[in-house]
There are 2 protein chains.
Amino acid sequence: MKGTTLADGPTINTIAERAGVSIASVSRVLNGLPTRQETVRKVMAAADELGYVRNAVARSLKSRRTHQVAFAMADVGNPAYLAMLRQIQPVLKDAGYRLVLHSTDAVVADEIDVLHSLGERYVDGLIMVPLRVTEAHLEMLDAARAPVVIIGQVPEGTRVDNVRADSRTGVKLAIDHLHALGRRRIGMINGPLDTVPGAARGAAYREALGGVGLPYDEDLVQIGDFYRAEGGRAVAELLDRVPDVDALMCANDLIALGALDVLRAAGRRVPEDVAVVGMDDTDLAAASWPSLSSVSLGSAERGRAAAELMLERLQGGDGEPRLVTVAPRLVVRASTAGAPVADFPAESRTDRKESAE
Amino acid sequence: MKGTTLADGPTINTIAERAGVSIASVSRVLNGLPTRQETVRKVMAAADELGYVRNAVARSLKSRRTHQVAFAMADVGNPAYLAMLRQIQPVLKDAGYRLVLHSTDAVVADEIDVLHSLGERYVDGLIMVPLRVTEAHLEMLDAARAPVVIIGQVPEGTRVDNVRADSRTGVKLAIDHLHALGRRRIGMINGPLDTVPGAARGAAYREALGGVGLPYDEDLVQIGDFYRAEGGRAVAELLDRVPDVDALMCANDLIALGALDVLRAAGRRVPEDVAVVGMDDTDLAAASWPSLSSVSLGSAERGRAAAELMLERLQGGDGEPRLVTVAPRLVVRASTAGAPVADFPAESRTDRKESAE
DNA sequence: CCGCATTCCGTAAACGTTTACAGACGATGA
DNA sequence: TCATCGTCTGTAAACGTTTACGGAATGCGG
């Protein structure tokens, strides 16, 4: 089959022979440099007949540009990363770059590997969402042989282009919203505090409560992980301990789905008895019943911003490292906004015209 | 910033100079070919001090291998493609290949482009999920200068490695299930019939009805598109026309979600009054309320199979084109199986330990 | 008919590797 | 001591491009 067809394709040399010119002329024609009409014609004809296609590897070697950019994150399955990817891809593509995808499976060593492999020069740049930023990361960043854009928090003074979310403001939006709805016993279901998001969201919750004049009550906080089942269990415990809770701020959408499961099982109405807010505004938020109010941290925007920063660097931007912060947005749906809406929800952007056959 | 650090990295020449040997020796040491101990030591030392990293582009040029494989589909946002991607990526990675991602945005010309660009030899192979297979596709496939694996239906006799789902059996599983539950007025909500999935699923529905001895009734079939809102509208029309429908076979999960919306609004209980089955078994199926029974067409398995076929080709497999068909699976959840379950649903595989900050 | 500017093209070097080949060298046996 | 062998290493070519440089050809004015 195809394996046998892999006979060496034509090169610039083949064309030169057939057209009776030198390889330099062929190259010039192919690159649109000024050349006599007659030569152009001959070369084009030969190239067409041979079905010539430029060899990208050889070009890259000479030009020191691969026209590839890498994107590295823990797991494409995570909707937040996916949203970034979906923005990054078209921006790069339109600018003539290919996208090399690295999934590090949440293994820090893999992230370091990716940074190290920049030295192989198989890409012109790297956009990375690190899980956490270790000393090793910082060292490799300093030594990086190609431009890097980091999405996520980095220590002050790190000399690297950086795009951030603002979960502090995000949590505040949600708490303000709940407070405005008259809720006064607002619980928080968080993930582990030793993760960057967990810590940030926990602190933001406390601060936002203060902002609306509510006391911080440890009993109202329950820690689990970032998954649905454990989120549900955490909510069950909280309900036991604080039966009069009237709202739940959940650290991500999966936790919030778990909360809906448990509240339903416990016979609490959402949002009448307990209002629920999720975080990340994933597709799941629109799909659940009742649909879930959720704080969008602008994953898509962050992806786009990162891609644009990268392009600027690649186009010779040599300035100081830049920091872009993306504003969060509260998307209000049925889980806080009164009666669950019963008409058609907004289009989910998840599926395309055709699903795979 | 980094831009200034991009001074040319060390090459094999730099090492040769510093170690006082020839570049051939350096290359030999770096590749582990037999060399005198003393030389090995000197070269290693020099390489370490210089922080040398092999240039992937130059290697590729010489070895005619890029260690990259491309994956092309319409849209990463589609959960089916995403499921494939998530399997393909680790298989390739473990085998030492990088993944280049192409999103064609459902534009056929883009797909042709991707096939054409194989001639640039920037990848060693291509895994592709075409929207539909045109004449142009077939021509390019024949002329392809690297191994290609197609996921999806291709015309008989196309000489290409191929992985397929079996939506016919999939639909049959669902219809048999509904029939066994005592449903006799089973409607179908389908997408456009001029798409490959639409046509296949429509025909399979008719055939499966026959299989359980039910008549095919045109009134029970409603065509819309593959999205949620339109799916809902289609269901509303069907309900108007055939009020006694007692089950709905939906051509994908989004349509099924639309069905749930409309059934709820119409005061029909799911599954007591109307049972609903979706297709593709996306994350949304587990997240919805009631959770959605869905036919899995094995996207993940298809991805894995495709990646494995590709690796075999790359490792020199020269045999006949191969065909792998993946068996479908019916995942029964609350929307057909009696009372909606109220305990914690199975873990969704969507999220990871840490969500993006 | 010569000198010169202009236009077009070919030669060759370079990008950073791998590798075939042959030379240098030390050791071995006669 | 010399031929022979084996081990190790260096030289150079090759992968497929791009591009600096200089030479050939042409046209023009004097």
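The sequence lines fix the lettering, A, B, ..., with proteins before strands; numbering per chain opens at 1.
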Okay, side chain of [X], backbone of [Y]: is any donor-acceptor separation there less than 3.5 Å?
{"X": "B/Gln89", "Y": "B/Leu99", "answer": "no"}
{"X": "B/Ser27", "Y": "B/Ile23", "answer": "no"}
{"X": "A/Asp105", "Y": "A/Val107", "answer": "no"}
{"X": "A/Ser103", "Y": "A/Ala74", "answer": "yes"}
{"X": "A/Thr158", "Y": "A/Val160", "answer": "no"}

So, A/Asp113 versus A/Ser117: side-chain donor-acceptor pair below 3.5 Å or not?
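Their side chains do not contain a donor-acceptor pair, so the 3.5 Å distance test is not met.
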
Would you classify [X] as touching base, sugar-phosphate or nothing, given that sugar-phosphate means primed atoms plus P, OP1 and OP2, and contacts are heavy atoms under 4.0 Å?
{"X": "B/Ser27", "value": "base"}
{"X": "A/Val57", "value": "nothing"}
{"X": "A/Arg28", "value": "base"}

Counting neighbours of CD on A/Glu17 that are heavy atoms of other residues, nucleotides or ligands and sit closer than 6.0 Å, is the number greater than 12?
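Atom CD in A/Glu17 is not crowded, with 12 or fewer foreign heavy atoms closer than 6.0 Å.
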
Is it true that, when you exclude B/Glu38 itself, more than 12 heavy atoms of the residues, nucleotides or ligands shown sit nearer than 6.0 Å to its CD?
yes

To 10°, what angle do the rotation axes through the five end pairs on each side of the helix from C/dC1-D/dG30 to C/dA30-D/dT1 form?
70°

Does the pair A/Asp124/A/Arg98 count as a salt bridge with the N-to-O cut at 4.0 Å?
no

Starting from C1' on C/dT11, measure out to CD1 on A/Ile23 and report it in whole angstrom.
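Taking atom C1' of C/dT11 as the reference, CD1 of A/Ile23 is at 9 Å.
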
Rounded to the nearest 0.5 Å, how far apart are OG1 of B/Thr35 and CE of B/Met44?
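Reported to 0.5 Å precision, the distance equals 9.5 Å.
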
As a test of understanding, state which of B/Leu311, B/Leu314, B/Ile88 forms a side chain to side chain contact (heavy atoms under 4.5 Å, CB included) with B/Val69.
B/Leu314

Do any of residues 33-40 of chain B sit with a heavy atom less than 4.0 Å from DNA chain D, and if so which?
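Output list: B/Thr35, B/Arg36, B/Thr39.
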
At a heavy-atom distance below 4.0 Å, which nucleotide of DNA chain D is the first touched by chain A, and which is the last?
D/dG16 to D/dT19

Let me spell it out: for each of A/Lys62 and B/Ala24, pick the nucleotide of DNA chain D with the closest heavy atom. Which residue's pick is nearer the 5' end?
B/Ala24

